[in-house]
Colleague: 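I have a structure I would like to understand better, so I am pasting it below and will then ask my questions one at a time.
Order of the sequence lines sets the chain letters (A, B, ...), proteins ahead of strands, with each chain counted from 1.
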Number of protein chains: 2
Amino acid sequence: MNEPTAVRRRQGRGARERILRAATELFTAQGINATGIEQLSTVAEVSKRTLYQHFRSKDELVVAYLRSLDDAPQPVAPEQPTLAAASPREQLLAVFDWKPAETMAPFRGCPFLNVSVEVPDPGHPAHELAAAKKKRCARRLADIARQAGVADPETLGEQLALLFDGAAARGLALNNRHVMAYARSIAETLVDAALADAGRGSP
Amino acid sequence: MNEPTAVRRRQGRGARERILRAATELFTAQGINATGIEQLSTVAEVSKRTLYQHFRSKDELVVAYLRSLDDAPQPVAPEQPTLAAASPREQLLAVFDWKPAETMAPFRGCPFLNVSVEVPDPGHPAHELAAAKKKRCARRLADIARQAGVADPETLGEQLALLFDGAAARGLALNNRHVMAYARSIAETLVDAALADAGRGSP
DNA sequence: CCTCAAGGATACCGATCGTTTTACATGGGC
DNA sequence: GCCCATGTAAAACGATCGGTATCCTTGAGG
């Protein structure tokens, strides 16, 4: 009992949870290549063995990490109660109100874009998953635009997604969060123009 | 002094040149972390020894690589003869005509943005150099806008830079080059609006 | 001819990576 | 009591990384 070998007590059954949480924290904070299995298992308070019997490899963990991000409440999710009833304009602009977790840490941009850079192979599952996510995001914006009667919803969705990605990438490079505000201002211009045209086209 | 001592004996056949060329090729094609010194020296047709007496470390080579990119003819360079006499509108939009390396290899986006992701530490020289480049690029665009009489040239420059970065990042993620066309179309909208205001403001 | 520095090929170094294995500890169900 | 799946801690693995040292060839200047 008073042995110096006081072993850490068995940590319940949340191992997978904790690993995924640690992955989210470390991958987004310092990148994938800069995060080792050792550090991962330490932060997750899990032995490497346990880690490897939950995820067969680091690659698989990276994919699971992206999936968990995808499932998490999203900036672009219009299903949220506050946004469901909001105006199309607010729904379309909600993406740009994204606040990436901690405010003190250096801004790290969009995890999906970063994975695209950190995993060079375009055929890698993680890379493809990131691409799919980006497409889905643009499509959702296009759907909102379509329901609002915008003339060319696909283009508007693609444009808004591009603005978001630009703010994420540039914000990381300059380590400056208010780049997102620039993106929002451009988005407002585009959205307002598109909605004005829509209103004029079918009154 | 006309070569006093044999300090310039055997000119290394432009070893430094070849190393830098290989770095440009490999770093942009497959990323920095995915490119090892071994492969680098092989492609450059240079022994590791020679490589390390031209660049003290890989970090230093990365910095030199970014510098060489910076010196190379740039998409945003208005000094080029064809652009020097072009209209401000064309000068501002010239960034979006960037064709990266003209190859059929997968689109790899903007090297400076990629370095920001691949080198997580914001204090790293390479990271700071990339940030500086991004700022300089936006400032140059702002200068062109100012000379054209745009009301808020800084904002326009920042917006155009953001659009370019968005196209680069998103183009890599989706492995799709014509994202740049979307960016251009948004840029045209912004530039035309700004120039129209300028013409109206001070006729 | 000989000398000798520049450079090539390659073995080697320590560190770290992702991954596997070994040895032991825990606790619920029989 | 014992069994055994599940867990931890730690060592070890092979591969590869950035970086260094060794040995040998080359070729111009004396």
Colleague: Which whole-number value in Å describes the distance from B:Ile19 CD1 to C:dG7 P?
Modeller: 10 Å
Colleague: If we only count heavy atoms from C-beta on, is the A:Leu160 to A:Leu92 side-chain gap below 4.5 Å?
Modeller: yes
Colleague: Between D:dC17 atom P and B:Lys58 atom NZ, what is the distance in whole Å?
Modeller: 8 Å
Colleague: Provide the full list of ring pair (Phe, Tyr, Trp, His ring centres under 6.0 Å) pairs with a residue in residues 43-70 of chain B, sequence neighbours left out, each pair given once.
Modeller: B:Phe27-B:Tyr65
Colleague: State whether a side-chain donor-acceptor pair under 3.5 Å links B:Gln147 with B:Gln91.
Modeller: no
Colleague: Report which part of the nucleic acid B:Ile37 touches: base, sugar-phosphate, or nothing (heavy-atom distance under 4.0 Å, all strands).
Modeller: sugar-phosphate
Colleague: Indicate the atoms forming the closest heavy-atom contact of B:Ala15 with B:Val46, along with that distance.
Modeller: CB-CG2, 4.2 Å
Colleague: Does A:Arg184 pair with A:Glu90 as a salt bridge, N-O distance under 4.0 Å?
Modeller: yes
Colleague: Just the rounded figure in Å: distance from P of C:dA6 to CZ of B:Arg16.
Modeller: 17 Å
Colleague: Specify the closest pair of heavy atoms between B:Pro106 and A:Pro122, including all atoms of both residues, with the distance to one decimal.
Modeller: CB-CG, 3.9 Å
Colleague: Taking B:Arg146 first and then B:Asp143, would you say they form a salt bridge - that is, a charged N and a carboxylate O separated by under 4.0 Å?
Modeller: yes
Colleague: Looking at DNA chain D, which of residues 45-56 of chain B put a heavy atom within less than 4.0 Å of it?
Modeller: B:Lys48, B:Arg49, B:Tyr52
Colleague: Pull out every residue in residues 22-36 of chain B that has a heavy atom closer than 4.0 Å to any atom of DNA chain D, ordered by number, or say none.
Modeller: B:Thr35, B:Gly36
Colleague: Counting only N and O atoms by type, is there a donor-acceptor contact under 3.5 Å from the side chain of B:Lys58 to the main-chain atoms of B:Ile32?
Modeller: yes
